S.K.: 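My questions all concern the structure below.
When a ligand or atom number is given, it counts from 1 through the structure's own listing order. Computed from a predicted structure; not experimentally measured.
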Amino acid sequence: METGEIKEYVEKLCREGKESTYNIASLDTNTKNNFLNILSKKLIESEKNIISANASDIEAARQRGISSSLIDRMLLDHKRIVQMAEGCKKVSYLPDPIGSVIFGVKRPNGLEIYCKRVPLGCIGVIYEARPNVTIEITTLAIKSGNAVILKGGSEVISTNKVLVELIKESLKEAEIDERAVQFIETTDRSAVDVLLKQRGFIDVIIPRGSEGLIKHVVENSYIPVIETGIGNCHLYIDESANVEMALKIAINAKTQRPSVCNSIEKVLIHKNIASNILVPLVMEFKKRDVQIRGCQQTLKYVKDAILATEEDWYKEYHDLIVAIKIVKDLREAISHINKYGSKHSEAIVSENYSSIRRFLRDVDASAVYANASTRFTDGGEFGFGAEVGISTQKLHVRGPMGLEALTTMKYVIFGNGQIRT
Ligand SMILES: NC(=O)C1=CN([C@@H]2O[C@H](COP(=O)(O)OP(=O)(O)OC[C@H]3O[C@@H](n4cnc5c(N)ncnc54)[C@H](OP(=O)(O)O)[C@@H]3O)[C@@H](O)[C@H]2O)C=CC1
Ligand SMILES: N[C@@H](CCC(=O)OP(=O)(O)O)C(=O)O
């Protein structure tokens, strides 16, 4: 497509999305749940088609030399398709947030004021090459009464096209305005720039992706943005930590799925426990092919580790790499995290109540954990059924974004002729 054509194309999708909001906002819960159940069934029935489209995306990515951890994010297999289908059902079981009364008050002059939950309207989401995200965002958007414009990662365009076809068929069968879900089919990035200018049609933009994407969107959008930042997550092992628990959490948080944003990239260890834990920890990491980087102190225990640079402490590896730092106390751990972290998910392993309380209070992040893996920062794991992303900003929402994150409020006032004097 030529530049002019892309502009016309994206504007049309956004205009149609906006037009559908009036129909979508007033859908009853049964109709929305019916859509979710139809989509769930279609995902299972279409496994063959989905896997075949996904295989061609994966093959093309392999030929372009894309790393195995990124390929893992792109991959759909039987288990992941079943998970997507189950995710649709989970969202259908959740209470419909739309129309619920957040609070109500009767004023002395007789006015009845209700604060009600309403949809945001039309949401634009730009996201990474992870096809399950297409389904998660759609299910949450429709259940919360919103229209959505989807711009997925180009590496999985074929998979996304098949998924969007299933979404459109399901909307039609459920007798919902199909224009509520729009998918930008071009992989030309200039489409994003057009999207960011559609202030009249789009109510909020949610970018999910790299620092580069977030920066580009924040600097160029005419529309309010909810940022979902990168995950440079830390695990701090306190001097009072239970060593067995610390090892279990560190291994899980680093290696269970290293390609996602809630995996840890750094381990900070209190100097008084370093001699106990460093050697077994590094041994466990090495068994799982994790490359070790470390501060000068760490290198005294782990001779073959690579010396971490200043850049390392800021970095999200997204891979089987970890950087370890020995700190002199809890205070240094907290300062380090607040300086280098990305305000996503941070954890402490400790048996000391005061240290835990201080860590949870003073670390500035969207999710802070005591004695658990950071891998739980996820809408599904938090009981939200799915997630649109993990907000690392403070306004409107923070942390995994589920149904309520896609709503705003509206004051509804009933009177019987009152006037202000
Ligand atoms: N906090 C959270 O919820 C989440 C955080 N992340 C973070 O995202 C990162 C991984 O994402 P990654 O695969 O790198 O995603 P990218 O940022 O490369 O891509 C994400 C999407 O943005 C588009 N894009 C990227 N840069 C631009 C640009 N300059 N102009 C227009 N479009 C652009 C991509 O298009 P194209 O296909 O053309 O590349 C793609 O659709 C990690 O750092 C991860 O932690 C990811 C998901 C959720
Ligand atoms: N929801 C995710 C984590 C967030 C996410 O999607 O991150 P990413 O894989 O970096 O796009 C999970 O734990 O499965």
S.K.: Which ligand 2 atoms are under 4.0 Å away from a heavy-atom of Arg73?
M.R.: 8 (P), 9 (O), 10 (O), 11 (O)
S.K.: Do we get Lys339 above Tyr314's six-membered ring, with its NZ or CZ under 6.0 Å from the centre and within 45° of the axis?
M.R.: no
S.K.: Is there a donor-acceptor pair under 3.5 Å between the side chain of Arg288 and the backbone N or O of Glu284?
M.R.: yes
S.K.: Please assess Ile348 against Leu330 for the test side chain to side chain contact (heavy atoms under 4.5 Å, CB included), listing each intermediate value before the final yes or no.
M.R.: CA-CA 10 Å; Ile348 178 173; Leu330 172 66; 4.2 Å; yes
S.K.: Tell me which protein heavy atom sits closest to atom 7 (O) of ligand 2, plus the residue, atom name and distance to 0.1 Å.
M.R.: Cys261 SG, 2.9 Å
S.K.: Report the nearest protein non-hydrogen atom to atom 11 (O) of ligand 2: residue, atom name, distance rounded to 0.1 Å.
M.R.: Glu128 OE2, 2.2 Å
S.K.: Tell me whether the rings of Phe384 and Phe382 are parallel (<30°), tilted (30 to 60°) or perpendicular (>60°).
M.R.: perpendicular
S.K.: Write out the residue and atom name of the closest protein heavy atom to atom 12 (C) of ligand 2, then the distance separating them to 0.1 Å.
M.R.: Asp378 OD1, 3.4 Å
S.K.: Among Glu387, Gln256, Arg130, Arg208, which one has a heavy atom closest to atom 14 (O) of ligand 2?
M.R.: Arg130
S.K.: I need the Ser391 OG to Lys343 NZ distance, nearest 0.5 Å.
M.R.: 13.0 Å
S.K.: Within ligand 2, which atoms have a heavy atom of His318 less than 4.0 Å away?
M.R.: 10 (O)
S.K.: If I take atom NZ from residue Lys254 and atom CZ from residue Arg375, how far apart are they, to the nearest 0.5 angstrom?
M.R.: 11.0 Å
S.K.: Using a strict cut-off of less than 4.0 Å between a Lys/Arg side-chain nitrogen and an Asp/Glu carboxylate oxygen, indicate whether Lys90 and Glu86 qualify as a salt bridge.
M.R.: no
S.K.: With a 4.0 Å heavy-atom cut-off (strictly under), which part of Arg257 contacts ligand 2: side chain, backbone, both or neither?
M.R.: neither
S.K.: Within the supplied structure, the quantity of interest is the number of heavy atoms (other residues, nucleotides, ligands) at a distance under 6.0 Å from Lys286 NZ; does it exceed 12?
M.R.: yes
S.K.: What part of Glu381, side chain, backbone, both or neither, has a heavy atom within less than 4.0 angstrom of ligand 2?
M.R.: neither
S.K.: Would you list the atom pairs, donor with acceptor, under 3.5 Å between side chains in residues 34-44 and any protein atom, with sequence neighbours excluded?
M.R.:
residue, atom, partner, partner atom, Å
Asn37, ND2, Asn33, O, 3.2
Ser40, OG, Ala85, O, 2.9
Lys42, NZ, Glu173, OE2, 2.8

S.K.: Any idea which of Thr228, Asn262, Val133, Asn132 brings a heavy atom closest to atom 13 (O) of ligand 2?
M.R.: Asn262
S.K.: Using heavy atoms and a cut-off under 4.0 Å, could you grab the residues that are in contact with ligand 1, chain by chain, numbers ascending?
M.R.: Arg73, Ile126, Tyr127, Glu128, Lys151, Gly152, Gly153, Ser154, Arg189, Val192, Arg208, Gly209, Ser210, Leu213, His216, Thr228, Gly229, Ile230, Gly231, Cys261, Glu316, His318, His344, Gly389, Ile390
S.K.: Using heavy atoms and a threshold below 4.0 Å, how should the contact between Val260 and ligand 2 be classified: side chain, backbone, both, or neither?
M.R.: both
S.K.: Between Asp203 and Lys18, is there a salt bridge with N-O shorter than 4.0 Å?
M.R.: yes
S.K.: Rounded to the nearest 0.5 Å, how far does CD1 of Ile71 lie from CD of Glu59?
M.R.: 9.0 Å
S.K.: Applying a heavy-atom cut-off of 4.0 Å, say which part of Ile390 lies close to ligand 2: side chain, backbone, both or neither.
M.R.: side chain
